[in-house]
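Take a look at the structure set out below.
Note that the structure is predicted; figures quoted are calculated from it, not measured.
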Amino acid sequence: QVQLVESGGGLVQPGGSLRLSCAASGNIFSIIVMGWYRQAPGKERELVATISVRGSTSYVDSVKGRFTISRDNAKNTVYLQMNSLKPEDTAVYYCHGYSGHVYWGQGTQVTVSS
């Protein structure tokens, strides 16, 4: 089993920045890839960014150049640095881990509004 706990969401003005954190515990050595998804009201959950155990990253086109996913293996934590935030980035952001099984965090709200 793997437990994922997100933190770092909040309210920010357009053009601002936030950093989300996802702390993993449990059988973390089984995790192959971790990532961030988001779900806006009335929309389906979408993949935002992923990072593999080797550090390879991928991003949805809408966040390329603005968001950066990274990991600190010593802290068992994955981060999502979000810059130049837009109102359309408003959503609940979920941490995701895959080891053959799928694990989700509880979600953290990000609201971009003036």
V48, V78, L80 screened by side chain to side chain contact (heavy atoms under 4.5 Å, CB included) with L20, the one that passes: L80
E88 side, atom CD; R38 side, atom CZ - distance, nearest 0.5 Å: 8.5 Å
Interatomic spacing from CG in L4 to OH in Y103 - rounded to 0.5 Å: 9.0 Å
Any donor and acceptor pair, going by atom type alone, linking the side chain of [X] with main-chain N or O of [Y] inside 3.5 Å?
| X | Y | result |
| --- | --- | --- |
| E6 | Q106 | yes |
| S99 | I31 | no |
| T90 | V112 | yes |
| R45 | Y94 | no |

Donor + acceptor pair across side chains of S21, T77 (<3.5 Å): no
Short side-chain donor-acceptor distance under 3.5 Å, N83 and S17: yes
ILVMFWY cluster, Y37 and I69 together (side-chain gap under 4.5 Å): no
Single-linkage hydrophobic cluster M34~W104, side-chain heavy atoms < 4.5 angstrom: no
Contacts of T57 that satisfy side chain to side chain donor-acceptor pair (under 3.5 Å) - sequence neighbours left out: none
Validation row, ring centre W36 to ring centre F67 under 6.0 Å: no
R19 charged N/C atom sitting above Y79 aromatic ring, 6.0 Å / 45°: yes
Sub-4.5 Å side-chain heavy-atom contact between V60 and L47: no
Partner residues of S84 under the side-chain contact (heavy atoms from CB on, under 4.5 Å) criterion, sequence neighbours left out: R66
